[in-house]
Number of protein chains: 2
Amino acid sequence: MSWRKEQRRAERGYHHGNLKEALLQAALGLIAEKGAAGFTFADAARMAGVSAAAPYRHFRDRDELLSSIAQRGFEQFEARLTAAWDDGRPDTVTAFERVGRAYLAFAREEPAFYNAMFESGLPVDANPALQAASERAFNIIRAAAERLAALAPPGTPRPPAMMMALHIWSMAHGVASLFSRGDAARRKLPMSPDELLEAEVLIYLRGLGFPTDRRPPAKSAEPPPVPPEASSGSGVPPGGPWGKPK
Amino acid sequence: MSWRKEQRRAERGYHHGNLKEALLQAALGLIAEKGAAGFTFADAARMAGVSAAAPYRHFRDRDELLSSIAQRGFEQFEARLTAAWDDGRPDTVTAFERVGRAYLAFAREEPAFYNAMFESGLPVDANPALQAASERAFNIIRAAAERLAALAPPGTPRPPAMMMALHIWSMAHGVASLFSRGDAARRKLPMSPDELLEAEVLIYLRGLGFPTDRRPPAKSAEPPPVPPEASSGSGVPPGGPWGKPK
DNA sequence: CGGCTCATGTAAAGCTCGTTCACATGAGCT
DNA sequence: AGCTCATGTGAACGAGCTTTACATGAGCCG
């Protein structure tokens with residue numbers, strides 16, 4: 001069985017040339033397959049065709065590899081959230097919902113990153129760079145919440161943007177971890193995780209007094225038509241975000 | 001170092017007498033300390049004062065021990081949620097919020113159980129007993145949501161109880177995993193996880209049209225934390241669930 | 001070109017863990 | 001008293017993590 005390794009060596013020489021990147025890619029694949037817990041340093045080395053000790057030239061230990069992946073994940077996460085937010089276009093509520101969907105999409109499409117970021121149990125605050133990356137990502141949600149809070153219907157107390165951001169984050173994370181990943185996704189649900197989160201966010205926003213059943217006329221003024229129902233007895237618009245009751 | 005084991009043996013004889021339970025307790029302690037990932041079968045055996053092979057007389061493998069703990073956790077979880085719900089007394093909304101707090105309290109006070117149940121990555125659907133226990137716990141939330149849904153203000157579409165239950169679950173789980181456990185709890189927040197979740201749930205319920213600023217006249221106590229200044233024009237209570245804006 | 005140096009890779013070894021196996025012990029029944 | 005079987009032991013295997021001493025060769029300097 002040794003000819004395999006010999007051949008690899010023959011193909012690429014004694015030095016790999018790009019081992020660090022190769023290890024990251026290998027780890028990413030392994031984590032996607034078996035989870036951060038199941039991934040092994042040795043496997044990554046094997047996959048890259050080097051000895052088990054080689055990775056230590058590039059990462060202090062297994063945790064540092066995991067950390068690197070998590071950090072990279074937070075960066076991509078931030079990028080995707082930023083793109084989804086698109087600076088609040090075409091209107092704040094629409095963009096806000098798009099951020100929520102982007103959160104779920106990331107969790108679904110990048111299970112390895114998501115796992116390393118949120119489910120690997122590595123101490124986020126141990127690595128300053130990691131913590132910073134994590135905060136940058138959260139700040140997108142926070143900035144969006146800030147804009148949303150500024151739209152609070154007149155006459156109502158303005159909700160703290162930070163609180164809103166934390167709420168939205170917890171909803172997205174809760175839905176993602178419980179229903180949108182791995183075998184958790186196998187739970188039988190009356191609706192898709194995306195729909196579930198969208199409804200949740202909409203109901204929440206309505207609870208804050210935002211008009212959510214209809215979008216403002218796109219381009220112009222944000223401070224939108226407060227739905228007439230808002231002044232009625234219960235303040236609840238007809239037809240819930242979950243669609244029409246059957 | 002061997003005198004240690006010898007002495008243990010001398011104290012308790014060849015047979016432990018209650019090894020299964022001792023292992024469960026040991027594992028619980030270890031998981032609380034180092035997480036489900038960090039816990040080792042060997043450590044549990046050591047802690048119980050037996051050889052590394054002894055546990056295999058009581059558990060097929062490490063996963064089965066973890067599974068047992070998770071199951072026990074779900075049972076305690078169910079018990080606590082049931083107690084908190086108290087069949088909806090003194091009123092549905094109050095009881096509902098109490099369930100939310102019980103969720104967080106459990107996550108905080110029983111980190112080992114919570115870890116095994118939700119963060120250990122073990123396949124819930126692999127073990128039927130485990131799955132059943134998990135479902136029983138969820139059914140408490142679901143039953144509570146059912147009752148709450150029945151209270152939907154007249155004239156509004158009744159929200160699907162299942163959806164409400166999933167929403168509440170995701171909020172509680174999201175807050176618990178992000179802010180209420182381990183080093184995640186070290187994130188600096190403008191409010192406690194309990195307050196965060198309570199506000200989140202209240203806003204959500206308000207989004208569904210439930211009156212949340214004041215409880216229905218409970219027969220007994222039910223001290224109103226907020227002065228009853230509720231009578232602005234917009235149908236939105238002044239002073240959000242997050243308290244007074246400063 | 002020749003030689004030096006240092007980043008990068010290797011092999012071997014020590015440790016822990018999970019797991020299995022053959023064997024030991026003794027509690028409880030007959 | 002003797003049997004039996006559940007329960008515990010020790011040794012052993014393979015695998016992973018990590019360190020250490022050594023090997024290789026790419027890039028640089030004269």
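Each chain gets a letter, A, B and so on, in the order its sequence line appears, and its residues count up from 1.
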Answer yes when B/E195 and B/R101 have at least one side-chain N-carboxylate O distance shorter than 4.0 Å, and no when they do not.
-> no
Round to a whole Å and report the spacing from CG of A/L23 to P of C/dT8.
-> 12 Å
Any A/H58 side-chain N or O less than 4.0 Å from OP1/OP2 of C/dA7 = no
Please work out whether the ring planes of B/F106 and B/F77 are parallel, tilted or perpendicular, with thresholds of 30° and 60°.
-> tilted
So what does A/G17 hit on the nucleic acid, given a heavy-atom distance under 4.0 Å: a base, only sugar-phosphate, or nothing?
-> sugar-phosphate
In terms of side-chain geometry, is the basic nitrogen of A/R72 or A/E21 positioned less than 4.0 Å from the acidic oxygen of its partner?
-> yes
Starting from C1' on C/dT19, measure out to CD on B/E64 and report it in whole angstrom.
-> 14 Å
What string of B, S and - do you get for nucleotides 11-21 of chain D, 5' to 3', when a contact is any protein heavy atom under 4.0 Å?
-> -----SSBB-B
State, yes or no, whether a side-chain contact exists between A/W85 and A/L81 at a heavy-atom distance under 4.5 Å.
-> no
Verify, without hydrogens or angle tests, whether B/H167 (side chain) and A/L196 (backbone) share a donor-acceptor contact under 3.5 angstrom.
-> yes
Integer-rounded Å distance: C/dT8 P and A/E21 CD | 14 Å
Answer yes or no: is there a side-chain heavy-atom contact under 4.5 Å between B/Q131 and B/N127?
-> no
